[in-house]
Number of protein chains: 2
Amino acid sequence: MKSRPSVPKKRAHSPEADLEEIWAVLKGAGLRRTEPREAILLILSTEHGPFSVEELHAKVARKKIDLVTVYRCVAAFEEAGVLRRCDFGDQIARYELAAGHHHHHHVVCRSCQKAESLDDCVLEQLDRTIEKMGYAKVGHRLEFFGVCSKCQG
Amino acid sequence: MKSRPSVPKKRAHSPEADLEEIWAVLKGAGLRRTEPREAILLILSTEHGPFSVEELHAKVARKKIDLVTVYRCVAAFEEAGVLRRCDFGDQIARYELAAGHHHHHHVVCRSCQKAESLDDCVLEQLDRTIEKMGYAKVGHRLEFFGVCSKCQG
DNA sequence: TTTCGTGCAAAACCTTTGCAAAGTG
DNA sequence: CACTTTGCAAAGGTTTTGCACGAAA
(Lines give C-alpha, C1' and ligand atoms only; values in the text may rest on other atoms or scores of the structure.)
Protein backbone atom coordinates (compact mmCIF):
# COMPACT_ATOMS: atom_id res chain seq x y z
CA MET A 1 0.00 0.00 0.00
CA LYS A 2 2.73 2.48 0.78
CA SER A 3 6.02 2.81 -1.04
CA ARG A 4 9.21 3.18 0.84
CA PRO A 5 11.47 4.67 -1.77
CA SER A 6 14.69 5.99 -0.33
CA VAL A 7 15.35 3.82 2.65
CA PRO A 8 17.36 0.94 1.34
CA LYS A 9 18.52 -0.83 4.46
CA LYS A 10 15.21 -1.15 6.17
CA ARG A 11 13.02 -3.96 5.03
CA ALA A 12 9.33 -3.35 5.10
CA HIS A 13 8.13 -4.18 8.59
CA SER A 14 11.50 -3.72 10.21
CA PRO A 15 11.09 -2.77 13.86
CA GLU A 16 12.73 0.62 13.39
CA ALA A 17 10.54 1.59 10.48
CA ASP A 18 7.39 0.51 12.26
CA LEU A 19 8.40 2.35 15.38
CA GLU A 20 8.79 5.65 13.60
CA GLU A 21 5.39 5.32 12.01
CA ILE A 22 3.95 4.49 15.37
CA TRP A 23 5.59 7.46 17.02
CA ALA A 24 4.09 9.69 14.37
CA VAL A 25 0.66 8.45 15.32
CA LEU A 26 1.34 8.80 19.01
CA LYS A 27 2.64 12.30 18.57
CA GLY A 28 -0.52 13.12 16.68
CA ALA A 29 -2.46 11.87 19.68
CA GLY A 30 -0.50 14.23 21.91
CA LEU A 31 1.61 11.55 23.56
CA ARG A 32 5.18 12.31 24.51
CA ARG A 33 8.18 10.19 23.77
CA THR A 34 9.42 8.74 27.01
CA GLU A 35 11.72 5.93 27.96
CA PRO A 36 9.08 3.58 29.35
CA ARG A 37 7.00 4.02 26.25
CA GLU A 38 9.94 3.41 23.98
CA ALA A 39 10.86 0.28 25.87
CA ILE A 40 7.35 -1.10 25.69
CA LEU A 41 6.97 -0.34 22.01
CA LEU A 42 10.32 -1.92 21.29
CA ILE A 43 9.23 -5.17 22.85
CA LEU A 44 5.96 -5.13 20.99
CA SER A 45 7.60 -4.43 17.66
CA THR A 46 10.41 -6.96 17.91
CA GLU A 47 8.78 -9.88 19.62
CA HIS A 48 5.27 -10.03 18.39
CA GLY A 49 2.53 -12.04 19.81
CA PRO A 50 0.13 -10.51 22.22
CA PHE A 51 1.57 -9.93 25.65
CA SER A 52 -0.17 -9.38 28.93
CA VAL A 53 0.70 -6.28 30.92
CA GLU A 54 2.63 -8.43 33.35
CA GLU A 55 4.62 -10.06 30.57
CA LEU A 56 5.46 -6.67 29.16
CA HIS A 57 6.48 -5.50 32.57
CA ALA A 58 8.77 -8.49 33.00
CA LYS A 59 10.34 -7.89 29.61
CA VAL A 60 11.23 -4.30 30.44
CA ALA A 61 12.19 -5.20 34.01
CA ARG A 62 15.79 -4.09 33.90
CA LYS A 63 14.61 -0.59 33.05
CA LYS A 64 12.86 -0.39 36.42
CA ILE A 65 9.55 0.62 34.94
CA ASP A 66 6.59 0.46 37.23
CA LEU A 67 3.77 -1.97 36.54
CA VAL A 68 1.32 0.90 36.75
CA THR A 69 3.21 2.71 34.06
CA VAL A 70 2.88 -0.26 31.77
CA TYR A 71 -0.85 -0.29 32.37
CA ARG A 72 -1.08 3.39 31.59
CA CYS A 73 1.05 3.08 28.50
CA VAL A 74 -0.88 0.27 26.90
CA ALA A 75 -4.12 2.05 27.71
CA ALA A 76 -2.85 5.19 26.03
CA PHE A 77 -1.54 3.23 23.08
CA GLU A 78 -4.79 1.40 22.65
CA GLU A 79 -6.73 4.63 22.71
CA ALA A 80 -4.39 6.06 20.11
CA GLY A 81 -5.15 3.04 17.96
CA VAL A 82 -1.61 1.75 17.99
CA LEU A 83 -2.29 -1.34 20.08
CA ARG A 84 -5.03 -3.89 19.77
CA ARG A 85 -6.38 -5.64 22.81
CA CYS A 86 -6.86 -9.40 22.59
CA ASP A 87 -9.03 -11.42 24.91
CA PHE A 88 -8.32 -15.09 25.20
CA GLY A 89 -10.97 -15.86 27.74
CA ASP A 90 -8.74 -16.08 30.78
CA GLN A 91 -9.68 -12.62 32.02
CA ILE A 92 -6.24 -11.27 31.24
CA ALA A 93 -5.87 -8.50 28.70
CA ARG A 94 -3.18 -9.00 26.09
CA TYR A 95 -1.86 -6.47 23.62
CA GLU A 96 -0.25 -6.54 20.22
CA LEU A 97 0.71 -3.89 17.71
CA ALA A 98 -2.17 -2.89 15.49
CA ALA A 99 -0.17 -0.74 13.10
CA GLY A 100 0.96 -2.27 9.86
CA HIS A 101 -0.76 -5.52 10.54
CA HIS A 102 -4.27 -5.84 9.33
CA HIS A 103 -7.25 -7.31 11.03
CA HIS A 104 -6.59 -10.92 11.97
CA HIS A 105 -7.22 -13.57 14.60
CA HIS A 106 -5.31 -16.05 16.71
CA VAL A 107 -4.95 -19.68 17.61
CA VAL A 108 -4.22 -19.90 21.30
CA CYS A 109 -2.75 -22.93 22.99
CA ARG A 110 -4.99 -24.08 25.82
CA SER A 111 -1.94 -25.16 27.75
CA CYS A 112 0.85 -22.61 27.28
CA GLN A 113 -1.38 -19.76 26.07
CA LYS A 114 1.01 -18.99 23.25
CA ALA A 115 -0.74 -17.38 20.29
CA GLU A 116 -0.21 -17.81 16.60
CA SER A 117 -1.67 -15.45 14.01
CA LEU A 118 -4.06 -16.36 11.27
CA ASP A 119 -3.69 -14.28 8.17
CA ASP A 120 -7.11 -13.89 6.75
CA CYS A 121 -10.49 -13.27 8.11
CA VAL A 122 -13.63 -14.39 6.34
CA LEU A 123 -16.01 -12.59 8.62
CA GLU A 124 -16.15 -9.07 7.27
CA GLN A 125 -19.20 -10.06 5.28
CA LEU A 126 -20.85 -11.31 8.44
CA ASP A 127 -20.33 -7.89 9.98
CA ARG A 128 -22.57 -6.56 7.22
CA THR A 129 -25.25 -9.04 8.24
CA ILE A 130 -25.06 -7.82 11.81
CA GLU A 131 -25.43 -4.26 10.58
CA LYS A 132 -28.59 -5.26 8.80
CA MET A 133 -29.86 -6.52 12.13
CA GLY A 134 -29.71 -2.92 13.32
CA TYR A 135 -26.32 -2.64 14.95
CA ALA A 136 -23.88 0.18 14.34
CA LYS A 137 -20.10 0.21 14.66
CA VAL A 138 -19.97 -3.52 14.14
CA GLY A 139 -16.85 -5.54 14.69
CA HIS A 140 -16.04 -8.99 15.89
CA ARG A 141 -13.65 -10.94 18.02
CA LEU A 142 -12.64 -14.42 16.96
CA GLU A 143 -10.14 -16.71 18.59
CA PHE A 144 -9.40 -20.36 18.12
CA PHE A 145 -8.20 -22.51 20.98
CA GLY A 146 -6.40 -25.81 21.00
CA VAL A 147 -3.44 -27.63 22.45
CA CYS A 148 -0.34 -26.87 20.42
CA SER A 149 1.97 -29.63 19.25
CA LYS A 150 4.59 -28.80 21.86
CA CYS A 151 2.10 -29.22 24.65
CA GLN A 152 0.64 -32.49 23.38
CA GLY A 153 3.55 -34.69 24.37
CA MET B 1 -33.91 -40.84 33.57
CA LYS B 2 -35.97 -38.36 35.52
CA SER B 3 -39.30 -39.08 37.02
CA ARG B 4 -41.62 -36.19 37.54
CA PRO B 5 -44.78 -38.31 37.33
CA SER B 6 -47.46 -35.93 38.43
CA VAL B 7 -46.66 -32.89 36.34
CA PRO B 8 -48.58 -33.17 33.12
CA LYS B 9 -48.17 -29.66 31.73
CA LYS B 10 -44.60 -29.77 30.30
CA ARG B 11 -43.96 -28.74 26.75
CA ALA B 12 -40.62 -29.56 25.26
CA HIS B 13 -38.30 -26.63 26.06
CA SER B 14 -40.47 -25.20 28.73
CA PRO B 15 -38.34 -23.92 31.59
CA GLU B 16 -39.58 -26.68 33.86
CA ALA B 17 -38.75 -29.39 31.36
CA ASP B 18 -35.28 -27.99 30.75
CA LEU B 19 -34.70 -27.74 34.44
CA GLU B 20 -35.46 -31.38 35.02
CA GLU B 21 -33.05 -32.42 32.30
CA ILE B 22 -30.44 -30.18 33.80
CA TRP B 23 -30.95 -31.56 37.26
CA ALA B 24 -30.48 -35.03 35.89
CA VAL B 25 -27.09 -34.00 34.57
CA LEU B 26 -26.18 -32.27 37.79
CA LYS B 27 -27.21 -35.27 39.83
CA GLY B 28 -25.03 -37.39 37.61
CA ALA B 29 -22.17 -35.05 38.42
CA GLY B 30 -22.81 -35.58 42.12
CA LEU B 31 -24.31 -32.15 42.75
CA ARG B 32 -27.08 -31.77 45.26
CA ARG B 33 -30.31 -29.93 44.76
CA THR B 34 -30.28 -26.84 46.91
CA GLU B 35 -32.23 -23.64 47.01
CA PRO B 36 -29.50 -21.33 45.76
CA ARG B 37 -28.84 -23.63 42.84
CA GLU B 38 -32.50 -23.86 41.97
CA ALA B 39 -32.85 -20.11 42.10
CA ILE B 40 -29.88 -19.57 39.82
CA LEU B 41 -30.97 -22.19 37.34
CA LEU B 42 -34.46 -20.76 37.27
CA ILE B 43 -33.13 -17.36 36.28
CA LEU B 44 -30.92 -18.87 33.61
CA SER B 45 -33.70 -20.95 32.14
CA THR B 46 -36.38 -18.30 32.10
CA GLU B 47 -34.50 -15.17 31.17
CA HIS B 48 -31.85 -16.23 28.77
CA GLY B 49 -28.96 -14.22 27.68
CA PRO B 50 -25.64 -14.57 29.36
CA PHE B 51 -25.50 -13.04 32.82
CA SER B 52 -22.54 -12.04 34.88
CA VAL B 53 -22.19 -13.46 38.35
CA GLU B 54 -23.15 -10.13 39.77
CA GLU B 55 -26.26 -9.90 37.61
CA LEU B 56 -27.29 -13.37 38.70
CA HIS B 57 -26.68 -12.41 42.28
CA ALA B 58 -28.87 -9.34 41.91
CA LYS B 59 -31.64 -11.38 40.32
CA VAL B 60 -31.77 -13.83 43.22
CA ALA B 61 -31.26 -11.08 45.77
CA ARG B 62 -34.45 -11.55 47.73
CA LYS B 63 -33.39 -15.11 48.48
CA LYS B 64 -30.41 -13.78 50.44
CA ILE B 65 -27.92 -15.88 48.54
CA ASP B 66 -24.30 -14.97 49.02
CA LEU B 67 -22.26 -13.70 46.07
CA VAL B 68 -19.69 -16.37 46.79
CA THR B 69 -22.35 -19.01 46.50
CA VAL B 70 -23.27 -17.76 43.07
CA TYR B 71 -19.62 -17.97 42.05
CA ARG B 72 -19.39 -21.50 43.33
CA CYS B 73 -22.61 -22.54 41.70
CA VAL B 74 -21.78 -21.29 38.25
CA ALA B 75 -18.34 -22.85 38.53
CA ALA B 76 -19.87 -26.19 39.45
CA PHE B 77 -22.46 -25.89 36.70
CA GLU B 78 -19.85 -25.03 34.14
CA GLU B 79 -17.76 -28.00 35.15
CA ALA B 80 -20.80 -30.23 34.88
CA GLY B 81 -21.29 -28.92 31.36
CA VAL B 82 -24.61 -27.31 32.09
CA LEU B 83 -23.43 -23.73 31.73
CA ARG B 84 -21.32 -22.14 29.07
CA ARG B 85 -19.01 -19.27 29.87
CA CYS B 86 -19.01 -16.31 27.51
CA ASP B 87 -16.30 -13.68 27.32
CA PHE B 88 -17.23 -10.36 25.85
CA GLY B 89 -13.88 -8.75 26.28
CA ASP B 90 -14.67 -6.67 29.34
CA GLN B 91 -12.95 -9.00 31.77
CA ILE B 92 -16.25 -10.10 33.22
CA ALA B 93 -17.36 -13.71 32.93
CA ARG B 94 -20.91 -14.27 31.79
CA TYR B 95 -22.86 -17.51 31.80
CA GLU B 96 -25.72 -18.98 29.87
CA LEU B 97 -27.36 -22.38 29.76
CA ALA B 98 -25.56 -24.80 27.52
CA ALA B 99 -28.14 -27.57 27.66
CA GLY B 100 -30.56 -27.81 24.80
CA HIS B 101 -28.97 -24.99 22.92
CA HIS B 102 -26.31 -25.87 20.45
CA HIS B 103 -23.05 -24.14 19.73
CA HIS B 104 -23.68 -20.52 18.80
CA HIS B 105 -22.33 -17.00 19.12
CA HIS B 106 -23.49 -13.56 20.17
CA VAL B 107 -23.87 -10.00 19.06
CA VAL B 108 -23.08 -7.78 22.01
CA CYS B 109 -24.09 -4.16 22.27
CA ARG B 110 -21.07 -1.97 22.90
CA SER B 111 -23.20 0.31 25.00
CA CYS B 112 -25.62 -1.73 27.11
CA GLN B 113 -23.75 -5.04 26.79
CA LYS B 114 -26.93 -6.86 26.03
CA ALA B 115 -26.34 -9.99 23.97
CA GLU B 116 -28.37 -11.51 21.18
CA SER B 117 -27.81 -15.04 19.92
CA LEU B 118 -26.85 -16.00 16.41
CA ASP B 119 -28.20 -19.32 15.33
CA ASP B 120 -25.66 -20.84 13.08
CA CYS B 121 -21.94 -21.06 13.07
CA VAL B 122 -19.93 -21.45 9.89
CA LEU B 123 -16.64 -22.03 11.59
CA GLU B 124 -16.62 -25.72 12.35
CA GLN B 125 -14.76 -26.28 9.11
CA LEU B 126 -12.13 -23.78 10.18
CA ASP B 127 -11.57 -25.80 13.34
CA ARG B 128 -10.46 -28.64 11.06
CA THR B 129 -7.93 -26.35 9.44
CA ILE B 130 -6.52 -25.46 12.83
CA GLU B 131 -6.26 -29.16 13.64
CA LYS B 132 -4.23 -29.64 10.50
CA MET B 133 -1.88 -26.98 11.84
CA GLY B 134 -1.08 -29.37 14.68
CA TYR B 135 -3.49 -28.33 17.39
CA ALA B 136 -5.60 -30.74 19.42
CA LYS B 137 -8.90 -30.14 21.17
CA VAL B 138 -9.69 -27.25 18.89
CA GLY B 139 -12.56 -24.90 19.49
CA HIS B 140 -13.25 -21.24 18.92
CA ARG B 141 -14.79 -18.19 20.44
CA LEU B 142 -16.55 -15.70 18.24
CA GLU B 143 -18.44 -12.61 19.27
CA PHE B 144 -19.73 -9.68 17.31
CA PHE B 145 -19.92 -6.24 18.80
CA GLY B 146 -21.93 -3.23 17.80
CA VAL B 147 -24.26 -0.59 19.13
CA CYS B 148 -27.79 -1.91 19.23
CA SER B 149 -30.69 0.08 17.84
CA LYS B 150 -31.95 1.06 21.29
CA CYS B 151 -28.60 2.58 22.15
CA GLN B 152 -28.19 4.51 18.93
CA GLY B 153 -30.75 7.21 19.66
C1' DT C 1 7.58 27.02 32.21
C1' DT C 2 3.72 24.62 31.50
C1' DT C 3 2.01 20.41 30.71
C1' DC C 4 2.35 15.58 30.70
C1' DG C 5 4.31 11.18 32.54
C1' DT C 6 6.20 8.47 36.22
C1' DG C 7 6.64 6.07 40.58
C1' DC C 8 4.87 4.87 44.80
C1' DA C 9 1.12 3.80 47.79
C1' DA C 10 -3.35 2.69 48.30
C1' DA C 11 -7.78 1.55 46.62
C1' DA C 12 -11.15 -0.71 43.63
C1' DC C 13 -12.61 -4.55 41.47
C1' DC C 14 -13.74 -9.32 40.43
C1' DT C 15 -12.81 -13.80 42.02
C1' DT C 16 -11.04 -17.48 45.10
C1' DT C 17 -10.09 -19.81 49.51
C1' DG C 18 -10.70 -21.33 54.62
C1' DC C 19 -13.55 -22.73 57.97
C1' DA C 20 -17.49 -23.52 60.98
C1' DA C 21 -22.40 -24.11 60.67
C1' DA C 22 -26.36 -25.72 58.18
C1' DG C 23 -28.46 -28.56 54.72
C1' DT C 24 -28.92 -32.74 51.56
C1' DG C 25 -29.45 -37.59 50.49
C1' DC D 1 -25.12 -40.47 59.30
C1' DA D 2 -21.52 -38.98 55.95
C1' DC D 3 -20.96 -35.72 52.90
C1' DT D 4 -21.84 -31.53 50.45
C1' DT D 5 -23.04 -26.76 50.37
C1' DT D 6 -23.56 -22.37 52.42
C1' DG D 7 -22.32 -17.91 54.55
C1' DC D 8 -19.07 -15.00 56.32
C1' DA D 9 -14.54 -13.20 56.49
C1' DA D 10 -10.42 -12.72 54.51
C1' DA D 11 -7.15 -13.18 50.90
C1' DG D 12 -5.74 -13.22 45.98
C1' DG D 13 -4.86 -11.23 41.55
C1' DT D 14 -5.49 -7.77 38.11
C1' DT D 15 -6.40 -3.11 37.16
C1' DT D 16 -7.32 1.76 38.60
C1' DT D 17 -6.75 6.11 41.09
C1' DG D 18 -4.40 10.03 43.82
C1' DC D 19 -0.67 12.70 44.44
C1' DA D 20 3.98 14.67 44.48
C1' DC D 21 8.09 14.57 41.93
C1' DG D 22 10.50 14.49 37.60
C1' DA D 23 10.79 14.84 32.58
C1' DA D 24 9.29 16.43 27.84
C1' DA D 25 8.07 20.14 24.64
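Below, chains carry the letters A, B, ... as their sequence lines are ordered, and counting in each starts from 1.
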A/I92 CD1 - C/dT15 C1' separation (whole Å): 13 Å
Rounded interatomic separation in angstrom, taking CD from B/E38 and P from C/dG23: 16 Å
Passing option when B/H105 is tested against B/E143, B/R141, B/H140 for side-chain hydrogen bond (donor to acceptor under 3.5 Å, both in side chains): B/H140
A/R33/A/E20 salt bridge by N-O under 4.0 Å criterion: yes
A/T69 side chain near C/dG7 phosphate (N/O to OP1/OP2, under 4.0 Å): yes
Spacing between A/K64 atom NZ and C/dT6 atom C1', to the nearest angstrom: 13 Å
Same apolar cluster: B/L118 and B/F88, side chain cutoff 4.5 Å: no
Protein-nucleotide distance (A/D66, atom CG; C/dA10, atom P), rounded to Å: 14 Å
Selected nucleotide, minimal atom distance to B/A93 side chain, candidates C/dT15, C/dC14, C/dG23: C/dT15
By side chain to side chain contact (heavy atoms under 4.5 Å, CB included) - contacts of B/E35 (at least two apart): B/K63
For B/E78, all residues meeting salt bridge (charged side-chain N to carboxylate O under 4.0 Å, His left out), sequence neighbours excluded: B/R85
Sugar-phosphate, base or nothing in reach of B/A75, heavy atoms under 4.0 Å: nothing
Interatomic distance where CD belongs to B/E54 and C1' belongs to C/dA12 [whole Å]: 12 Å
Same apolar cluster (I L V M F W Y, side chains within < 4.5 Å links), B/V82/B/L31: yes
First of A/R33 and B/I65 reached from the 5' end of DNA chain D, by closest nucleotide: B/I65
Where chain B begins and ends its contact with DNA chain D, read 5' to 3' at 4.0 Å from heavy atoms: D/dC3 to D/dT15
Flag side-chain contact, heavy atom, 4.5 Å: B/F145 against A/Y135: no
Value in whole Å for how far the P atom of C/dT6 lies from CD of A/E35: 10 Å
Atom pair distance, as rounded to whole Å: OH in A/Y71 and C1' in C/dT6: 17 Å
Sugar-phosphate, base or nothing in reach of A/R72, heavy atoms under 4.0 Å: base
Toward the 5' end of DNA chain C, by each residue's nearest nucleotide, B/R32 or A/R32: A/R32
B/L67 CG - C/dT15 C1' separation (whole Å): 9 Å
